[in-house]
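Nothing fancy with the numbering, it's 1 onward along the sequence.
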Amino acid sequence: MKVEKDLRMATGDGANSYAANSRLPKKALLKTKPVLQKAIEDLYCKSLSRRGTMVVADLGCSSGPNTLLVVDEVMSTLRDCAREETKAADDRRRAMQVQFFLNDLPGNDFNLVFRSLQQLQDYLGAEEEDEAVALRCYVAGLPGSFYMRLFPCQSVHLFHSSYSLMWRSKVPEELSNGTYLNEANIYIGKTTPPAVVKLFQEQFLKDFRLFLTLRYKELVGGGRMVLTFLGRKTEEMLMHGEVGSMWELLAKALQSLVQKGLVEKEKLNSFNLPYYAPSVDEVKALIEKENLFGIEHIGLFESNWDPLDDSDSDVVLDCASSSRNVANKSIRAVMEPLIIEHFGEAILDELFMVFASMVAGYLEIRKAKYPVIVVSLKKAMH
């Protein structure tokens with residue numbers, strides 16, 4: 001698997017697209033809104049000149065309405081900051097420009113994003129006319145992996161990333177050289193050998209350390225990062241309802257298709273996800289060890305597997321319906337391109353039908369929720 005080429009969400013805006021099935025990331029954006037607002041307010045007060053340009057980058061922006069929701073949230077918060085400052089400064093108008101970069105891998109559906117920009121610009125323009133503050137926004141696409149340099153040194157004020165940093169730069173090399181060390185699994189499952197678990201962990205440490213180093217170089221003094229990604233509640237690898245259980249069920253669905261003769265066994269054994277969901281302790285320990293950022297906030301919340309279930313109940317009222325939502329309104333939009341690239345398109349409908357059935361049986365035992373980590377960082381001043 002070549003991650004930069006193959007890893008992308010389902011494109012377009014059709015029934016199975018990510019744009020039409022990204023409610024879980026939207027819920028995370030709304031949940032972490034106060035953390036993002038606080039970071040922007042801190043930047044506005046301490047790191048921006050009175051008449052300057054703020055540079056913001058959304059890393060792993062994907063496509064669909066969530067992408068522009070981030071832009072809107074940043075602009076709304078800045079407008080509120082400027083309004084309060086104007087009141088306190090005897091109506092002196094503050095002029096500011098915001099350069100917004102939308103970043104994702106080259107296979108991302110940037111065309112869909114760009115087609116939506118005019119609507120956003122019209123909305124932001126109308127908002128500007130009603131305010132006593134000159135605040136203009138400019139948006140550009142930026143293809144490329146966030147595991148490489150993307151910006152000049154000390155040029156970015158704020159990095160934002162949501163539902164992206166659990167993806168790795170690559171599958172550990174030892175798992176992609178034909179030795180089949182993680183047979184019948186696609187991630188960390190109950191039968192995954194400890195040595196393979198260690199490979200996934202080491203890849204996370206290498207990637208996250210690189211990510212922090214690159215962003216440190218690109219941020220201005222006092223620059224901020226707000227990062228949200230799927231993780232684990234504890235150090236234990238397999239807890240009920242966490243994301244590892246989700247991938248284990250998908251692996252079992254693929255195993256079912258192997259038994260039916262629809263998928264070659266070797267194809268399954270050679271398929272591993274470029275993925276790792278860390279614990280809060282792993283994230284915190286690495287940030288503190290690197291000593292590049294101060295932790296302003298770190299926390300964890302949970303989100304139901306079913307993207308349409310907003311309840312706090314611990315009971316799934318309709319397991320069959322919820323399982324279809326999980327399979328077809330969440331996971332398929334994420335996994336479809338990778339499945340097509342490795343196994344072919346012919347198995348898609350059968351795979352996600354079997355997967356939904358397995359999720360239904362799983363939810364009958366107990367409601368499942370993803371742990372989501374949110375961390376706000378400030379560039380350390382050495």
Side-chain angles (χ1 to χ4, degrees), residues 22-48 52-85 96-104 113 120 123-124 127 133 135 137-139 142 146 150-151 155-166 208 211-212 215-216 218-231 280 283-284 287 293-303 370-379:
S22 52
R23 196 165 186 271
L24 274 180
K26 180 179 180 179
K27 289 161 74 171
L29 286 171
L30 296 176
K31 183 77 173 179
T32 59
K33 182 177 177 179
V35 180
L36 179 60
Q37 287 176 329
K38 179 67 171 61
I40 295 169
E41 290 165 1
D42 186 64
L43 275 168
Y44 186 91
C45 295
K46 300 175 183 178
S47 301
L48 293 173
T53 298
M54 181 178 182
V55 177
V56 181
D58 190 22
L59 305 178
C61 66
S62 195
S63 61
N66 291 348
T67 304
L68 302 184
L69 182 64
V70 176
V71 180
D72 181 37
E73 183 55 46
V74 171
M75 295 301 291
S76 296
T77 304
L78 285 172
R79 186 171 287 110
D80 289 342
C81 290
R83 185 188 300 119
E84 290 302 313
E85 183 186 59
M96 178 183 292
Q97 301 179 98
V98 183
Q99 176 67 69
F100 217 108
F101 289 97
L102 302 177
N103 159 260
D104 213 315
V113 175
L120 176 72
Y123 168 73
L124 292 175
E127 286 287 298
V133 56
L135 185 63
C137 178
Y138 303 88
V139 182
L142 181 64
F146 50 56
L150 295 169
F151 296 94
S155 62
V156 180
H157 295 86
L158 173 66
F159 282 114
H160 174 270
S161 182
S162 184
Y163 265 59
S164 296
L165 271 169
M166 59 275 190
F208 197 55
F211 178 87
L212 293 174
R215 303 296 83 83
Y216 178 84
E218 295 167 344
L219 280 169
V220 301
R224 301 291 295 265
M225 290 204 295
V226 177
L227 313 173
T228 307
F229 47 93
L230 294 175
V280 173
V283 173
K284 186 176 180 181
I287 293 170
F293 293 90
I295 299 176
E296 301 286 299
H297 171 89
I298 188 166
L300 181 145
F301 62 92
E302 293 183 291
S303 186
Y370 298 116
V372 185
I373 296 172
V374 56
V375 57
S376 179
L377 303 175
K378 185 175 182 178
K379 180 176 178 178

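- Residues G231 and I373 come closest through the heavy atom pair CA-CD1, 3.9 Å.
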Could you walk me through whether K38 and E41 pass the salt bridge (Lys or Arg N to Asp or Glu O under 4.0 Å) check?
-> CA-CA 5 Å; K38 179 67 171 61; E41 290 165 1; over 6 Å; no
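- Scanning all heavy atoms of the two residues, the minimum distance from R224 to D42 falls at NH1-OD2, 2.8 Å.
- When side chains are defined from C-beta on, F293 counts as touching L219, because their heavy atoms get closer than 4.5 Å.
- Although no hydrogens or angles enter the test, the distance criterion places a donor-acceptor pair under 3.5 Å between the side chain of H157 and the main chain of V55.
- S303 places no side-chain N or O within 3.5 Å of a backbone atom of Y370 that could act as its donor or acceptor partner.
- Within a 6.0 Å sphere centred on NZ of K27, heavy atoms belonging to other residues, nucleotides or ligands number more than 12.
- Contact check for V156 versus L150: no side-chain heavy atoms found under the 4.5 Å cut-off.
- When side chains are defined from C-beta on, L142 does not count as touching L102, because their heavy atoms never get closer than 4.5 Å.
- For the pair K379 (side chain) and Y216 (backbone), a donor-acceptor distance under 3.5 Å is present.
- For the atom pair CG (L30) and CD (E73), the distance works out to 8.5 Å, reported to the nearest 0.5 Å.
- At distances below 3.5 Å, at least one donor-acceptor pair connects side-chain atoms of T67 with backbone N or O atoms of S62.
- Considering only heavy atoms from C-beta on, L230 comes within 4.5 Å of V372 through its side chain.
- Taking SG from C61 and CG from L68, the interatomic distance works out to 9.0 Å, rounded to the nearest 0.5 Å.
- In this structure the side chain of Y163 never reaches within 4.5 angstrom of the side chain of L29, judged on heavy atoms.
- Of all the heavy atoms in V71 and C137, the pair that sits closest is CG1-SG, 4.0 Å.
- For the residue pair F151 and E218, the shortest heavy atom distance occurs at N-OE2, 3.1 Å.
- Here the straight-line distance linking atom CG of L36 with atom NE2 of H160 works out to 5.0 Å at 0.5 Å rounding.
- Here the closest heavy-atom approach between residue N66 and residue P25 is recorded as ND2-CB, 3.6 Å.
- Atom-to-atom distance recorded for I287:CD1 and M225:CE is 7.5 Å, nearest 0.5 angstrom.
- The shortest non-hydrogen separation linking K284 to I298 is CB-CD1, 4.2 Å.
- Checking side-chain atoms of S164 against main-chain N and O of S162 turns up a donor-acceptor pair under 3.5 Å.
- Here the CG atom belonging to D80 is positioned 10.5 Å from the OH atom belonging to Y44, to the nearest 0.5 angstrom.
- With sequence neighbours excluded, the residues that form a side chain to side chain contact (heavy atoms under 4.5 Å, CB included) with V35 are V226, H297, V374, S376.
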In sequence, state the C-alpha distance, the side-chain angles, and the governing distance for F146 and F159, and then conclude on ring-ring contact (aromatic ring centres under 6.0 Å, His included).
-> CA-CA 11 Å; F146 50 56; F159 282 114; 9.9 Å; no
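- Looking at heavy atoms from C-beta onward, V74 lies out of side-chain contact with D58 at the 4.5 angstrom threshold.
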